[in-house]
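For reference, the structure discussed in these notes is given below.
To find a chain, count down the sequence lines: A is the first, B the second, and so on, and within it residues start at 1. For clarity, every value in this text was computed on a predicted model and none was experimentally measured.
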Amino acid sequence: MLFTPSNKKVLALVDCNSFYCSCERLFAPHLEKKPVVVLSNNDGCVVSRTDEAKALGIPMGIPYFKIRDFVKKHQVAVFSSNYALYGDISARIMKVLSQFTPEIEVYSIDEAFLDLTGFSNLQEYGLKIREMVKKLIGIPVSIGMAPTKVLAKVANRIAKKKNGHGGIFDLNDPQTQDSVLETIDVQDIWGIGYKSAEKLNRIKIKTAKDLRDANEHTIQKLLTVVGRRIVRELRGELCLPLELLRKDRKQIVCGRGFGKPVFELEEIKEALANYVTLAAERLRKQKSVCGTVQVILHTNPFKNTTQYFNQASITLLTGTSSTNTLIRAASMGLERIYQQGFEYKKVGVILINLCPANRNQMDLLSYRSISSSDSCMEAIDKINARMGRNALKFGACGTNDDWKMLAKLKSRCYTTKWNEILAV
DNA sequence: TCTGGGGTCCTAGGACCC
DNA sequence: TCTGGGGTCCTAGGACCC
């Protein structure tokens, strides 16, 4: 066969089948071929189902209390979720996958994109990957191959759904793409959610093929650049490259619903302190400090009672990863928004304004917008020395020009009153 | 009685600056 | 002090994903 030079990428999306359920099956082999579901936190709703459970008609996300009797009747095995276990198994799988290519993006707990550009006999290679993961870890995976991420997602869907593909589907061939995209509902494309699908349907775009062949500008007007990228990816043009390095989180969220309604501030505070502790651990793990702590407090939207949703943001003078400091800030925020008389359902904390811990305070607060210069720093240091620590919260500007510096200092991002600075 | 939790990216609009 | 245009930054909110 002739070798055809091509700059086309070959990406493979490896996706674990019913991941959480498959993990539970590892320790309960007798559940092979039996219906299994895994529930969310507090056993709230179904978050993972095996094919057998799907066949029984159990939908994703259904509240558990609605199917409790049904589940008993059909002898469905039910598990509470065990995220520590799933995380551990996931890490092992990724390790196995990275032996097949160094170019791997771990996309989620149960998915990874692999760059297989240049490999020959993809079908066989895919089978090998599949066998290896099954043999070493015990988890079944499906593999979709295509020139772009969006197409690889489509391919994976087919590998997973249709029997007779051996869990692998190659969508690199343009003719195959043509016939396959026709059968894919626009709503089932990666990145097209419920709202966007509605908009597309309104202008008679129903299938993935319709979307691929649509006018880019029309789509951009409708769905912003996000939609336009999807169109291009469907055409085989790579717009979403592999992200090989794991980036630091830009925000860290930690919160959970209470099992029962809660009324008292102290009780909420205690829960919040726990979440802050967890969030702070994650923060330190990625070696970042946090500049702003946001607290959220909700009543139960499913309940027919007076609703209350609120949030408070606390800006810290100095970036920190200290659990105690963060808890103090969060408690302050909570006190600000807590009101008596509501049945609270959920509290949580969001750490935002994160930056690497090896930057100092000045850098933290100017991290995103303003670049620094020494003379400016010196001036600010002097002002702070005269007026007390942290009189000037933000620092730095891009030039030595005194006038420009003063203009910067006058702007609203500096907390000290201008007259006081003049007095120095 | 009981309805998950943790993320990202994009845009519009306001505030502020020169 | 007034004027307007253009640029940048910040935030809230929307949409989406697993």
Side-chain angles (χ1 to χ4, degrees), chain A residues 13 15-16 18-20 38-48 59-69 80-81 83 86-87 90 106-112 149-150 153 156 187-199 220-230 239-240 243 246-261 275 278-279 282 286 291-292 294 296 298 300-304 309 311 313 315 343 345-354 365-370 394 397-399 401 403-404 406-414:
Chain A
L13 173 62
D15 188 318
C16 303
S18 314
F19 183 55
Y20 296 170
V38 171
L39 304 177
S40 67
N41 213 308
N42 285 337
D43 292 347
C45 53
V46 173
V47 291
S48 180
M60 184 68 170
I62 190 172
Y64 179 50
F65 69 87
K66 286 190 181 169
I67 55 162
R68 191 171 281 145
D69 294 338
S80 301
S81 41
Y83 291 101
Y86 310 149
S90 169
V106 177
Y107 177 71
S108 75
I109 193 164
D110 72 334
E111 278 169 87
K149 282 185 174 176
V150 170
K153 274 274 183 185
N156 189 281
Q187 153 106 66
D188 294 331
I189 301 170
W190 189 43
I192 302 291
Y194 163 73
K195 291 275 181 187
S196 305
E198 256 184 6
K199 288 184 196 165
Q220 174 155 7
K221 245 187 236 160
L222 211 61
L223 307 178
T224 79
V225 297
V226 179
R228 185 172 184 167
R229 277 202 285 260
I230 294 173
C239 295
L240 306 166
E243 285 169 22
R246 232 180 89 189
K247 293 190 200 141
D248 285 344
R249 302 254 164 266
K250 294 176 180 171
Q251 55 172 252
I252 294 170
V253 183
C254 194
R256 237 140 266 171
F258 304 118
K260 289 172 194 165
Y275 304 145
L278 289 171
R282 279 184 226 158
Q286 72 167 36
T292 305
Q294 198 177 350
I296 52 157
H298 292 179
N300 185 349
F302 290 101
K303 224 169 166 184
N304 203 9
F309 282 66
Q311 68 86 30
S313 301
T315 305
E343 286 183 26
K345 173 66 183 171
K346 179 173 178 177
V347 69
V349 65
I350 309 177
L351 306 183
I352 47 180
N353 197 357
L354 309 184
L365 296 162
S366 60
Y367 184 49
R368 289 162 62 187
S369 47
I370 315 167
F394 292 73
C397 60
T399 168
D401 183 321
W403 185 83
K404 277 199 175 171
L406 293 179
K408 279 278 180 197
L409 292 177
K410 268 168 89 173
S411 76
R412 77 193 162 99
C413 59
Y414 303 95

Pairwise 5' ranking along DNA chain B for K346(A) and K260(A), keeping only the more 5' one: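 It is K260(A), whose closest nucleotide lies nearer the 5' terminus.
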
P261(A) or G255(A), whichever maps to the more 5' nucleotide of DNA chain B: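 Closer to the 5' end of DNA chain B: P261(A).
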
Is [X] touching bases, backbone alone, or none of the nucleic acid, heavy atoms closer than 4.0 Å?
X	value
G61(A)	nothing
K250(A)	sugar-phosphate
G348(A)	nothing

dC9(B) phosphate, OP1 or OP2, under 4.0 Å from R229(A) side-chain N/O: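 The answer is no; no side-chain N or O of R229(A) sits under 4.0 Å from OP1 or OP2.
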
Distance check: side-chain N/O of R282(A) vs OP1/OP2 of dG7(B), anything under 4.0 Å?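 For dG7(B), OP1 or OP2 has a side-chain N or O of R282(A) closer than 4.0 Å.
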
Return the set of residues passing ring pair (Phe, Tyr, Trp, His ring centres under 6.0 Å) with Y107(A) (not counting sequence neighbours), or none when no residue passes. F113(A), W190(A)

Which string of ( ) [ ] | and . matches DNA chain C, if you list each base 5' to 3' and count Watson-Crick or G-U pairs only when both distances are under 3.5 Å? ....||||||||||||||

Same-atom distance (P) from dC18(C) to dT3(B), integer angstrom: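 Between the two P atoms, the distance is 24 Å.
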
Side-chain heavy atoms of [X] within contact of [Y], under 4.5 Å:
X	Y	answer
R282(A)	L351(A)	no
V347(A)	F258(A)	yes
E111(A)	K153(A)	yes

Atom OG of S40(A) and atom OH of Y20(A): how far apart are they, to the nearest 0.5 Å?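 Between S40(A) OG and Y20(A) OH, I get 10.5 Å after rounding to 0.5 Å.
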
Treat primed atoms plus P, OP1 and OP2 as sugar-phosphate and everything else as base, then score nucleotides 13-18 of chain C 5' to 3': B for base contact with protein heavy atoms under 4.0 Å, S for sugar-phosphate contact only, - for none. --SSSS

Apply side chain to side chain contact (heavy atoms under 4.5 Å, CB included) to residues I350(A) and I252(A) and explain how you reach the verdict. CA-CA 6 Å; I350(A) 309 177; I252(A) 294 170; over 6 Å; no

